[in-house]
Amino acid sequence: MKSKKKKKSYKTINRSPGTIQYRGKKQSAVTVVEIINYSKEYYHKIETQKVEDAFHLKGNDKVTWINVNGLNNTSEIEKLGNHYGLHPLTLEDILNTNHRPKMDEFDHYLFLVMKMLYFKNEDELVYEQVSMVVGEDYVLTFQEADGDVFDDLRERISAGKGRGRSMGSDYLMYAIMDAVVDNYLTVIEAFGDKIEDIENRIFDSETENDQTANTIQTLKREVLKIRRSVFPLREVINRLEKIEHPIIDDKTRNFLRDLYDHIVHVNESIEVYREMVWSLLDMYMTIISNKMNEVMKVLTIIATIFIPLTFIAGIYGMNFDHMPELHHKYGYFILWGLMLFIFFMMLLFFRRKKWL
Amino acid sequence: MKSKKKKKSYKTINRSPGTIQYRGKKQSAVTVVEIINYSKEYYHKIETQKVEDAFHLKGNDKVTWINVNGLNNTSEIEKLGNHYGLHPLTLEDILNTNHRPKMDEFDHYLFLVMKMLYFKNEDELVYEQVSMVVGEDYVLTFQEADGDVFDDLRERISAGKGRGRSMGSDYLMYAIMDAVVDNYLTVIEAFGDKIEDIENRIFDSETENDQTANTIQTLKREVLKIRRSVFPLREVINRLEKIEHPIIDDKTRNFLRDLYDHIVHVNESIEVYREMVWSLLDMYMTIISNKMNEVMKVLTIIATIFIPLTFIAGIYGMNFDHMPELHHKYGYFILWGLMLFIFFMMLLFFRRKKWL
Amino acid sequence: MKSKKKKKSYKTINRSPGTIQYRGKKQSAVTVVEIINYSKEYYHKIETQKVEDAFHLKGNDKVTWINVNGLNNTSEIEKLGNHYGLHPLTLEDILNTNHRPKMDEFDHYLFLVMKMLYFKNEDELVYEQVSMVVGEDYVLTFQEADGDVFDDLRERISAGKGRGRSMGSDYLMYAIMDAVVDNYLTVIEAFGDKIEDIENRIFDSETENDQTANTIQTLKREVLKIRRSVFPLREVINRLEKIEHPIIDDKTRNFLRDLYDHIVHVNESIEVYREMVWSLLDMYMTIISNKMNEVMKVLTIIATIFIPLTFIAGIYGMNFDHMPELHHKYGYFILWGLMLFIFFMMLLFFRRKKWL
Amino acid sequence: MKSKKKKKSYKTINRSPGTIQYRGKKQSAVTVVEIINYSKEYYHKIETQKVEDAFHLKGNDKVTWINVNGLNNTSEIEKLGNHYGLHPLTLEDILNTNHRPKMDEFDHYLFLVMKMLYFKNEDELVYEQVSMVVGEDYVLTFQEADGDVFDDLRERISAGKGRGRSMGSDYLMYAIMDAVVDNYLTVIEAFGDKIEDIENRIFDSETENDQTANTIQTLKREVLKIRRSVFPLREVINRLEKIEHPIIDDKTRNFLRDLYDHIVHVNESIEVYREMVWSLLDMYMTIISNKMNEVMKVLTIIATIFIPLTFIAGIYGMNFDHMPELHHKYGYFILWGLMLFIFFMMLLFFRRKKWL
Amino acid sequence: MKSKKKKKSYKTINRSPGTIQYRGKKQSAVTVVEIINYSKEYYHKIETQKVEDAFHLKGNDKVTWINVNGLNNTSEIEKLGNHYGLHPLTLEDILNTNHRPKMDEFDHYLFLVMKMLYFKNEDELVYEQVSMVVGEDYVLTFQEADGDVFDDLRERISAGKGRGRSMGSDYLMYAIMDAVVDNYLTVIEAFGDKIEDIENRIFDSETENDQTANTIQTLKREVLKIRRSVFPLREVINRLEKIEHPIIDDKTRNFLRDLYDHIVHVNESIEVYREMVWSLLDMYMTIISNKMNEVMKVLTIIATIFIPLTFIAGIYGMNFDHMPELHHKYGYFILWGLMLFIFFMMLLFFRRKKWL
């Protein structure tokens with residue numbers, strides 16, 4: 001599945017750099033544009049499919065958030081890009097959903113790429129790229145598909161709760177990133193629960209099979225993928241907090257520093273879970289060895305007791321003409337006594353070895 | 001248990017950033033405020049539930065230490081925060097007990113977060129967040145619950161021992177951090193004893209079972225958690241020693257440097273124990289293999305000796321009409337001789353292999 | 001194979017430093033020189049074997065790309081080097097194909113070495129060194145052999161598509177590097193598919209044999225070799241983006257920054273695959289252990305059931321004169337009952353142990 | 001043992017910081033003070049128990065080395081500290097023998113802590129803390145107990161050999177540190193011999209048992225402890241070489257640089273031995289597996305040969321009325337032929353499998 | 001062997017620092033001094049045992065290379081040192097052959113220590129320390145014993161090939177280092193071949209024994225030793241390229257940069273081989289497990305088939321008076337049929353398990 005997707009996304013990699021072309025998952029859904037325009041007292045929201053509907057909002061004294069869902073309609077996105085004067089490389093990066101998180105500074109805007117992680121249908125982990133262009137009084141966000149982690153944010157803006165409405169586009173940028181980073185925690189904790197689940201399953205497991213090894217390998221893959229999607233954001237936020245750019249207000253820096261603490265916390269959690277996953281296989285191996293040891297002991301005890309006794313029985317099953325013991329009156333009963341004696345000696349030996 | 005707690009603490013993560021709301025363990029205990037006011041000659045201490053009792057102390061020429069136990073009563077904490085002019089993010093961080101250790105500098109105060117580790121009921125390791133606001137002549141500390149590691153410090157202040165009473169709020173800050181860091185050592189050494197315990201149990205163990213692997217995995221988890229709680233404090237103390245801030249007096253820097261040496265010592269100890277824990281599983285595995293090897297040898301010796309002898313007995317148990325050996329007068333006794341010869345040859349072979 | 005090649009390439013290592021001599025794979029092919037001369041409106045391309053054909057192009061106001069395929073003809077390369085005023089060490093480095101990626105700055109040109117990775121005949125991975133000299137209005141590239149990853153680039157230049165034709169030699173340098181780096185991704189993804197293949201083979205494998213271990217070891221070798229060829233390029237591109245050199249135009253820097261993001265992405269992918277390969281052997285080992293455990297269980301179940309029963313049968317095969325049970329009317333049938341009882345007890349025991 | 005000691009040394013950790021109190025091993029020995037006073041032409045040495053005997057030497061134009069053996073007599077040490085104007089934290093650090101190596105700069109003296117490692121009674125490795133105060137014309141050293149590595153140094157000073165007598169207190173400091181570092185090498189090489197010993201024992205071992213795993217674990221512990229005691233000294237010496245302090249003469253810097261090379265060499269050796277110890281357990285495990293494999297082969301060969309043969313013998317031991325083979329004249333001998341044939345086929349099979 | 005040597009070399013470590021005394025392998029060979037004096041047009045070479053023969057060459061306008069083979073004759077070396085004004089520590093370092101690679105800057109000369117690695121008698125790897133003193137117009141080299149890697153260099157100088165003869169002492173220094181570093185590559189590749197050899201032996205091995213584990217451990221030791229000898233040289237060359245020193249001419253810097261690329265390449269190769277060696281043991285272990293698994297399967301198949309059949313034969317070997325089957329006319333043949341049926345069922349079972 002995964003490798004299929006990748007191949008597709010890279011089959012056009014030798015195109016001229018800077019060519020505007022969508023390089024992500026092909027979606028059937030049409031591109032939907034959501035436009036939110038607000039100031040401290042004002043709030044207006046429309047949903048449309050034509051980006052032109054947002055053009056008249058540029059340069060009024062309100063903050064405009066244009067959220068583009070779906071990247072298929074490249075011509076609309078190009079129009080939007082031209083209207084806001086975006087660099088060709090920015091447009092290319094928006095459409096190529098195979099980017100690692102990064103930030104590019106341009107004279108009149110900042111460009112950010114990050115990965116949004118969330119669960120769809122309970123336990124399907126979605127990795128969706130969110131690109132963001134932050135200008136003086138507008139924020140453009142581009143998502144690959146429907147569904148995101150911004151519903152709380154939208155609600156707060158529409159309800160005018162919190163300090164969001166009275167601050168500029170840089171605070172909106174912060175709030176969007178905060179929503180993304182907060183959701184990392186949810187995802188990582190779900191991941192942590194999964195690890196604990198598997199740990200418990202390993203310890204209690206009735207039948208161990210290759211399934212477990214397979215699951216552990218999948219977890220490894222998953223944690224490496226999460227790490228790759230999340231780690232570079234730390235550096236991005238760190239630079240955001242430090243740069244001198246007219247768009248970033250000093251009041252917002254405190255919030256960015258707080259966000260930085262969050263992402264560091266997230267990254268440390270990922271590292272901890274990574275170490276736990278890595279040691280799972282070792283632990284599983286130890287438990288297999290333990291079980292094998294137990295199996296071996298049962299075999300050894302049974303075999304060690306009965307093989308010598310069977311030998312003795314074999315002796316007296318021989319058909320030699322002259323075997324004096326066979327004709328002894330109590331021969332049979334004496335033999336039973338001997339065999340019981342050997343049996344109990346063996347038990348004693350195993351108990352001394354602490355196998356029983 | 002752990003994952004339950006976490007889920008709770010994060011279920012409100014999508015709230016507006018800066019919202020003041022308690023995100024820690026729900027405690028039934030009421031919030032208790034302990035106020036200590038002292039100078040070189042003066043000492044006064046009260047316990048109350050209303051933070052207003054401390055308001056008149058601000059700005060007198062004494063040092064005020066306000067210790068808040070329990071973070072449920074958010075309105076009291078907010079009142080305190082407003083009185084001392086704390087930033088909204090500071091208040092939010094105080095109430096969110098899921099923070100990693102950090103320091104934020106503000107114009108008129110320093111804000112520190114650290115984790116206090118101590119044992120409750122002998123062997124239950126408690127991780128409790130301590131937030132600290134250090135101003136010109138006051139220190140505010142916020143703890144999640146009752147019980148802390150500051151009793152010696154309280155006693156020293158009340159008794160006027162040491163140099164504490166004659167120095168400022170920055171020295172009090174140092175003394176609080178010193179108490180926390182000193183207790184890390186106690187905790188880490190108890191942890192070291194636990195590792196040695198398990199090592200010994202592994203070497204002496206009568207019966208090995210999955211319990212041991214489980215215990216080792218728990219230790220791994222624990223050491224990673226301790227590390228996460230403690231490591232970032234090193235950077236905090238390092239920055240504390242270096243920053244230029246009106247609150248930090250030059251005389252206090254020597255003490256902070258000393259504290260830095262302590263925390264480095266603590267971190268190195270944690271790393272050493274981490275390496276020991278990590279190699280425990282390998283060692284355990286080796287010992288299992290060793291035991292399995294021993295089991296295998298017993299089985300092999302017994303089987304290798306008796307299986308051929310049983311075969312020989314089987315031969316002479318056959319019912320062929322013409323088997324000359326059976327009718328030989330000493331056939332039976334010659335056979336016994338042959339079997340004893342084989343038996344001793346086998347013993348010799350095992351001794352040469354050094355299995356016996 | 002590999003070690004053979006290396007030995008050859010190093011058998012002349014004790015020559016005077018700076019001696020111009022080819023130190024790569026000996027190729028039978030003649031050296032082919034491809035000359036592309038272009039400006040925004042103009043395009044001309046010739047293929048020749050004499051480098052003199054390019055000499056008249058120097059200093060006209062167009063960009064000249066001279067691509068030398070095959071490094072056997074050292075005298076031609078030396079002539080070219082002298083014409084463009086290259087340092088003796090540059091010439092030596094061009095001919096020694098055992099270099100790691102690097103960049104040297106000279107007064108009037110930049111010298112770059114990188115490794116081009118591509119697949120020949122579907123699945124043979126070729127490592128070919130590409131050296132590049134970038135001057136004011138020319139780019140010289142030197143390849144070890146026929147076949148490269150620049151066909152798309154050639155086509156774009158000849159067709160005049162993209163922005164390539166209107167920019168200088170530094171953009172051509174960027175476009176060449178971009179083609180090389182883009183192809184890394186193709187190679188790495190093919191590598192990732194190979195890893196997944198082997199993973200699946202391990203889990204499904206009908207017969208496990210040393211072949212698998214061998215394949216894993218080969219993968220390790222391969223990933224280390226790719227890493228060595230690719231990693232240093234990151235530092236090269238980083239320095240390229242930063243240096244102040246008359247040849248690098250400011251407009252090109254944006255593209256170099258984008259290229260830097262690409263190579264970081266490539267390096268991270270390599271690291272991820274490296275970790276996956278490293279854990280493959282552990283996983284394989286676990287699966288072997290699992291299978292061994294299963295084998296042991298079958299043996300133990302069969303042996304544990306039948307060895308005691310065989311012993312009982314042996315008892316009543318003895319030829320003692322006085323064995324009362326033998327003469328009991330239902331002795332035989334009672335014995336069968338006993339043996340069936342033991343049999344089912346054993347089954348119960350194994351089920352309790354969860355072996356069945 | 002170790003954990004006992006530690007507990008003791010930390011049971012007073014909650015005292016007021018800066019309190020002067022001995023926190024090391026309780027020793028019965030009295031504190032002995034050794035005073036050496038020398039210049040180029042002059043040499044005088046006394047041993048006493050009262051530090052006052054050294055007070056008159058301060059400020060004469062000779063170098064004074066006061067070596068305090070045993071830290072029990074805290075009052076004497078405090079007197080000495082007051083006489084030389086030491087900071088309270090310095091005194092506290094001298095008495096707390098649980099410090100990591102460090103250097104503190106004060107206005108008129110340098111304070112150094114290091115660990116002295118040497119063998120007592122042939123093979124007992126002693127970790128002893130040496131604190132050193134280096135002033136303008138004096139060096140104070142504090143040791144936990146009798147016995148040190150300075151005998152050669154004392155002899156050189158008394159004999160006036162080398163350049164020691166004509167240089168200042170900073171050179172004496174260097175000479176003391178050089179003696180400590182040189183002895184690290186002796187200890188580390190003894191450790192290396194021990195590792196080789198165990199390696200050889202593993203390869204030659206007649207009987208493997210848990211003892212070996214235990215020894216390896218002890219080695220791990222030991223190498224980690226040595227590393228902790230020695231590593232930080234590198235940074236200390238590096239800083240010593242770099243700092244601008246009136247006590248450090250430029251002529252001494254060359255010697256300190258040389259000492260730095262030594263400690264780097266020591267640290268690299270420790271790292272190498274650490275890697276060797278870490279891979280010992282893996283190697284031991286491999287050898288156990290190898291032996292187990294050999295045991296299994298013996299069992300398998302014997303069982304595989306004789307179990308089928310025993311079955312055949314069992315067949316002809318049955319008591320059916322109609323078994324034609326039994327009555328064949330040469331039946332018995334034909335059967336022997338068949339069994340020998342099977343036997344040799346088996347041998348051939350094992351040889352093909354390369355088990356024999 | 002190795003540990004013996006070390007012990008000797010360190011038995012004098014407690015001497016006064018700066019004492020001139022040889023601390024290397026005791027050699028019977030006399031010290032041989034080789035003096036090469038050259039300029040662009042002039043070349044003269046003598047071999048002698050008295051260093052005085054070189055004294056008249058100091059300060060003429062030619063480059064003098066004095067190569068001392070063997071460090072036994074400390075008085076001659078001291079004379080040389082005094083003549084060229086070397087620092088006592090330099091002389092001490094020349095004679096102590098246990099140094100790690102390093103560079104010391106002095107006012108009028110540079111002092112370098114490096115390790116020369118080469119093969120003697122085909123496959124004995126020699127580690128020989130080369131110390132080098134580089135002054136304005138002279139280079140002194142000191143080797144422990146006969147045999148080095150400079151023959152090509154000597155020849156080039158005597159023949160006047162390359163640019164060597166027309167450049168100064170700094171270029172000679174570079175050429176000597178280049179010879180040493182080039183030879184590292186030869187050694188490392190031989191090492192790589194050895195690793196591949198062992199890999200192949202592991203995969204093809206007819207009989208595995210502890211020998212292989214031992215060889216792998218020796219390889220580990222070896223690669224660690226090579227690393228230690230070679231790695232620090234990278235830093236030395238890096239500093240050489242950067243320092244401002246009258247002896248280093250700007251023209252030589254290009255060559256040093258090239259040398260730096262070489263040593264980085266060498267170090268990366270060592271790291272790659274190190275990783276390969278480290279994973280050899282894991283691979284070996286996997287192969288042992290694989291073989292054990294195969295052995296177990298053979299045992300299990302044979303035992304599982306024949307043990308039940310033997311039990312059945314045992315049943316009908318019993319001597320009960322009433323066993324109806326025994327008297328059935330076709331009883332024997334029906335039993336054979338039953339046993340064959342069981343036999344084929346078992347085969348089917350094993351094929352389903354994919355053991356056959």
Side-chain angles (χ1 to χ4, degrees), chain D residues 149 151-153 156 161-164 174-175 178-179 182-183 185-186 189 192-193 196 199 203 254-255 257-259 261 264-265 268-269 272 275-276 279 282-283 285-287 289-293 296-297 299-300 303-304 307-308 310-311 314-315 317-324 353-355, chain E residues 3 6-7 10 13-19 87-89 93 98-100 102 104 206-210 213-214 216-217 220-221 224-225 228 278 281-282 284-285 288-289 291-292 294-296 298-299 302-303 306-307 309-310 313-314 316-319 323 325-332 335:
Chain D
V149 301
D151 288 339
D152 280 308
L153 175 60
R156 283 206 311 274
K161 281 194 297 189
R163 64 180 75 77
Y174 154 72
D178 192 60
D182 267 358
N183 222 60
L185 276 170
T186 316
E189 271 162 33
D193 292 350
E196 259 180 74
E199 249 179 51
F203 284 122
N254 275 331
F255 293 96
R257 202 175 51 197
D258 200 64
L259 184 60
D261 287 337
V264 168
H265 181 73
E268 283 176 356
S269 298
V272 166
E275 296 212 48
M276 293 315 291
S279 73
D282 288 342
M283 202 182 62
M285 187 95 180
T286 310
I287 284 170
S289 288
N290 242 339
K291 291 198 170 150
M292 199 136 88
N293 199 7
M296 290 305 306
K297 273 186 196 166
L299 174 61
T300 303
T304 307
I307 286 180
T310 304
F311 162 67
I315 288 290
M318 293 193 297
N319 300 318
F320 281 97
D321 292 352
H322 302 282
M323 289 176 71
K353 288 256 177 205
K354 283 163 194 160
W355 295 1
Chain E
S3 68
K6 272 196 189 164
K7 266 170 203 157
Y10 273 102
I13 45 174
N14 277 324
R15 299 292 167 132
S16 163
T19 309
H87 194 275
L89 277 171
D93 286 347
N98 226 321
H99 258 290
R100 63 192 294 272
K102 69 163 186 170
D104 287 342
E206 312 229 334
T207 53
E208 70 282 337
N209 48 31
D210 296 356
N214 206 339
I216 293 169
Q217 193 73 356
K220 282 188 180 181
R221 217 179 256 288
L224 288 176
K225 197 176 175 194
R228 256 176 106 189
W278 247 246
L281 200 67
D282 288 343
Y284 179 50
M285 188 95 180
I288 293 176
S289 287
K291 292 199 168 149
M292 199 135 90
E294 206 195 351
V295 170
M296 290 305 306
V298 169
L299 174 60
I302 294 291
F306 286 102
I307 286 179
L309 297 182
T310 304
Y316 294 104
M318 293 192 297
N319 300 317
M323 289 176 71
E325 301 97 321
L326 292 180
H327 310 301
H328 191 283
K329 200 179 173 185
Y330 301 111
Y332 178 56
L335 192 75

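Chain naming here is simple, since letters A, B, ... match the order of the sequence lines and numbering starts at 1 in each. Quantities reported herein were computed from a predicted structural model and do not represent experimental measurements.
- Note: D/H265 NE2 to E/R100 CZ = 9.0 Å, rounded to the nearest 0.5 Å.
- Between E/L335 and D/M318 there is a side-chain heavy-atom pair separated by less than 4.5 Å.
- Looking at every heavy atom in both residues, E/M292 comes nearest to D/S289 through SD-O, 4.1 Å.
- In this structure E/Y316 satisfies the side chain to side chain donor-acceptor pair (under 3.5 Å) test together with E/E325, sequence neighbours excluded.
- A side-chain N or O of E/Y284 and one of D/N290 form a donor-acceptor pair less than 3.5 Å apart.
- Inter-residue side-chain proximity for E/D93 and D/D258 is flagged as met; some heavy-atom pair is nearer than 4.5 Å.
- The closest side-chain heavy-atom distance from D/K353 to E/V295 is not below 4.5 Å.
- Between E/F306 and D/T304 there is no side-chain heavy-atom pair separated by less than 4.5 Å.
- Across E/H328, E/K329, E/M323, the residue that shares the most heavy-atom pairs under 4.5 angstrom with chain D is E/K329.
- The minimum heavy-atom distance between D/A303 and E/L299, with the atom names listed, is CB-CD1, 3.6 Å.
- Note that CD of D/E275 and CZ of E/R221 are 12.5 Å apart. Values are rounded to the nearest 0.5 Å.
- The salt bridge (charged side-chain N to carboxylate O under 4.0 Å, His left out) test applied to D/D321 returns no partner, not counting sequence neighbours.
- Between chain D and the residues E/I216, E/I307, E/N319, E/D282, the largest count of heavy-atom pairs under 4.5 Å involves E/N319.
- Between the NZ atom in E/K291 and the CG atom in D/N293 there is a gap of 8.0 Å [rounded to 0.5 Å].
- Heavy-atom pairs under 4.5 Å with chain E peak, among D/L259, D/D151, D/V272, at D/V272.
- Side-chain atoms of E/K102 and D/R257, non-hydrogen and from C-beta on, never get closer than 4.5 Å to each other.
- For the residue pair D/H322 and E/Y332, the shortest heavy atom distance occurs at O-CB, 3.4 Å.
- When the candidates D/G314, D/G317, D/P308 are compared by the number of heavy-atom contacts under 4.5 Å with chain E, D/P308 comes out ahead.
- Between D/S269 and E/R228, the closest heavy-atom pair is OG-NH2, 2.5 Å.
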